[in-house]
Each structure stands twice: as structure tokens, then as C-alpha cells.
Amino acid sequence: GDSVTQMEGPVTLSEEAFLTINCTYTATGYPSLFWYVQYPGEGLQLLLKATKADDKGSNKGFEATYRKETTSFHLEKGSVQVSDSAVYFCALSDSTLGAGGTSYGKLTFGQGTILTVHP
Amino acid sequence: KAGVTQTPRYLIKTRGQQVTLSCSPISGHRSVSWYQQTPGQGLQFLFEYFSETQRNKGNFPGRFSGRQFSNSRSEMNVSTLELGDSALYLCASSRGQSNQPQHFGDGTRLSIL
């Protein structure tokens with residue numbers, strides 16, 4: 001089945017440091033890939049997405065490139081801020097219609113990475 | 001435009017009771033998915049509804065059920081509550097295709113005593 005693996009956290013950085021959160025996936029079809037962010041007491045917010053190989057998603061200084069050859073979708077930001085402190089989730093949505101079921105409406109998530117940025 | 005709205009935000013129940021959670025999707029979105037979030041298991045998919053039909057279901061017992069109304073609003077019901085059902089329940093709406101992002105509500109925090 002589909003799965004997403006994120007780098008172990010937590011990650012602690014100083015303000016203006018470079019951020020990388022690794023994400024790799026396995027999927028039976030041609031997945032779309034997403035990064036979501038969750039702040040304390042809130043739901044998940046879509047950060048960026050990529051729907052096919054070599055697509056680059058970007059938003060608020062964050063970037064991730066869909067690498068089919070390495071089945072990866074690593075999140076990067078050149079200079080983090082204290083306000084970026086949150087939990088980050090990598091997720092995939094598979095378009096495969098498998099025997100006995102479908103993948104409709106299902107996001108498969110990584111375990112989440114806690115990011116803390118200090119001033 | 002208005003986002004996904006979940007009610008109530010917090011619920012406290014006792015074992016054996018049942019509970020109903022509500023989700024109002026973004027206007028124009030016909031797909032609603034439900035997830036359970038716990039510290040131990042992370043985010044797990046419960047089920048998805050599209051145009052009042054359940055299209056997909058995760059690996060949860062039959063105590064977890066849902067439905068969707070003609071206005072795309074959705075409800076989730078959990079019967080015979082167990083301590084392990086304590087979690088944050090999130091709903092998400094989308095236009096229904098796999099390459100379309102899901103937009104999440106703030107969740108309902110369910111605590112079982």
C-alpha cells in the first residue's frame with residue numbers, strides 16, 4: 001500500500017537558518033504530493049503541492065520538488081522565522097483505482113516533523 | 001470565502017456513549033473526508049463521501065460511520081465509545097479529484113472519560 005516517511009524530529013533551528021525536512025514515499029499509481037502545516041490547536045493548512053514529476057511547489061518561501069526517480073518530496077526554506085514553528089506533514093493522494101476499492105478522498109500522511117525555531 | 005467548519009470544537013463523553021460530529025465544507029466542494037489524529041497513530045483516514053455516497057473507507061471498526069447530505073455537509077458518528085477513541089477528528093473538503101488539495105477544518109477534540 002501507499003506510505004510516506006518523513007525524517008525524524010523534532011528539528012530545532014535558529015532564526016534565518018536553512019531548513020530541510022526529508023520526505024519519501026511509496027505509491028502504486030501516480031500520486032499527487034502535498035505539504036501541510038499544523039499550528040497548535042488548529043487543523044492542517046495546505047502549504048504547497050505538486051501533481052506530477054519534476055513539478056516544484058512553492059509558497060511563503062517554502063519549496064519542494066516532486067522527484068519521481070528518488071520518490072522524494074523534500075521541503076526546504078532558505079531562512080526560517082520563529083513564526084514557522086509548527087508541525088509539518090508530507091502527504092500523498094494516489095490516483096490508483098485498485099481492485100476492491102479506490103483511493104478516492106484519501107490522503108496518506110507521514111508521521112509529522114516538529115519544527116522549533118529560536119530567535 | 002468561508003473555510004471548512006467543524007462543530008463542536010470540544011466534546012467530553014464517557015465510555016459506551018455515542019457522539020455525532022458535524023462538518024460544513026467549503027462552498028462548491030462535494031467531497032468530504034474524515035481523519036482521526038492521535039499522538040500514537042498520527043493521521044489516519046476514516047472515510048470519504050462524495051455527492052452523498054461513501055466512496056472510500058479506511059480500516060476502522062463499524063462503530064465509526066458517516067453520512068453526507070444533499071448540501072454536502074457531513075456528519076460522523078461513533079457509537080459505543082471507547083477510551084481509545086479519544087482523538088482530534090478532522091474533516092477536509094475538496095472538489096473530489098486526487099490532484100486537488102484537501103482543505104481542513106480546525107477539528108473536534110473528543111475526550112473519553
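By convention in this document, chain letters (A, B, ...) are assigned in the order of the sequence lines, proteins followed by strands, and residues within each chain are numbered from 1.
Atom CD of B:Gln100 and atom OG of A:Ser32 lie 8.5 Å apart (nearest 0.5 Å).
Heavy atoms of A:Gln45 lying under 4.5 Å from chain B are absent altogether. Within the 4.5 angstrom heavy-atom criterion, no atom of A:Gln111 approaches chain B. The contact between A:Leu46 and chain B is made entirely by side chain atoms (from C-beta outward), counting heavy-atom distances below 4.5 Å.
Panel note: side chain B:Gln6, backbone B:Tyr89; a donor-acceptor pair is recorded below 3.5 Å. Not a single donor-acceptor pair under 3.5 Å links the side chain of A:Tyr88 to the backbone N or O of A:Ile21. Checked by atom type and distance alone, the side chain of A:Gln6 pairs as donor or acceptor with a backbone atom of A:Gly112 at under 3.5 Å. Judged by distance alone, with hydrogens and angles left aside, the side-chain atoms of A:Trp35 form no donor-acceptor pair with the main-chain N or O of A:Phe62 at under 3.5 Å. Judged by distance alone, with hydrogens and angles left aside, the side-chain atoms of A:Thr113 form a donor-acceptor pair with the main-chain N or O of A:Met7 at under 3.5 Å.
A salt bridge does not link A:Asp2 with A:Lys106: every distance from a Lys NZ or Arg NE/NH1/NH2 to an Asp or Glu carboxylate oxygen is 4.0 Å or more.
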Steps toward salt bridge (charged side-chain N to carboxylate O under 4.0 Å, His left out) verdict (B:Glu82, B:Arg15): CA-CA 5 Å; B:Glu82 300 176 0; B:Arg15 282 184 301 173; over 6 Å; no
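Of residues 33-48 of chain B, those residues with a non-hydrogen atom less than 4.5 Å from any non-hydrogen atom of chain A are, in numerical order, B:Ser33, B:Tyr35, B:Gln37, B:Leu43, B:Phe45, B:Glu48. Using a 4.5 Å heavy-atom cut-off against chain A, the contacting residues of residues 104-113 of chain B are B:Phe104, B:Gly105, B:Asp106.
Around the CG atom of B:Asn59, the shell of radius 6.0 Å holds no more than 12 heavy atoms that belong to other residues, nucleotides or ligands.
Using a 4.5 Å heavy-atom cutoff, the side chains of B:Val4 and B:Cys23 are in contact.
Side-chain contact check for A:Ser72 and A:Thr24: no donor-acceptor pair (N or O, by modelled atom type) lies under 3.5 Å.
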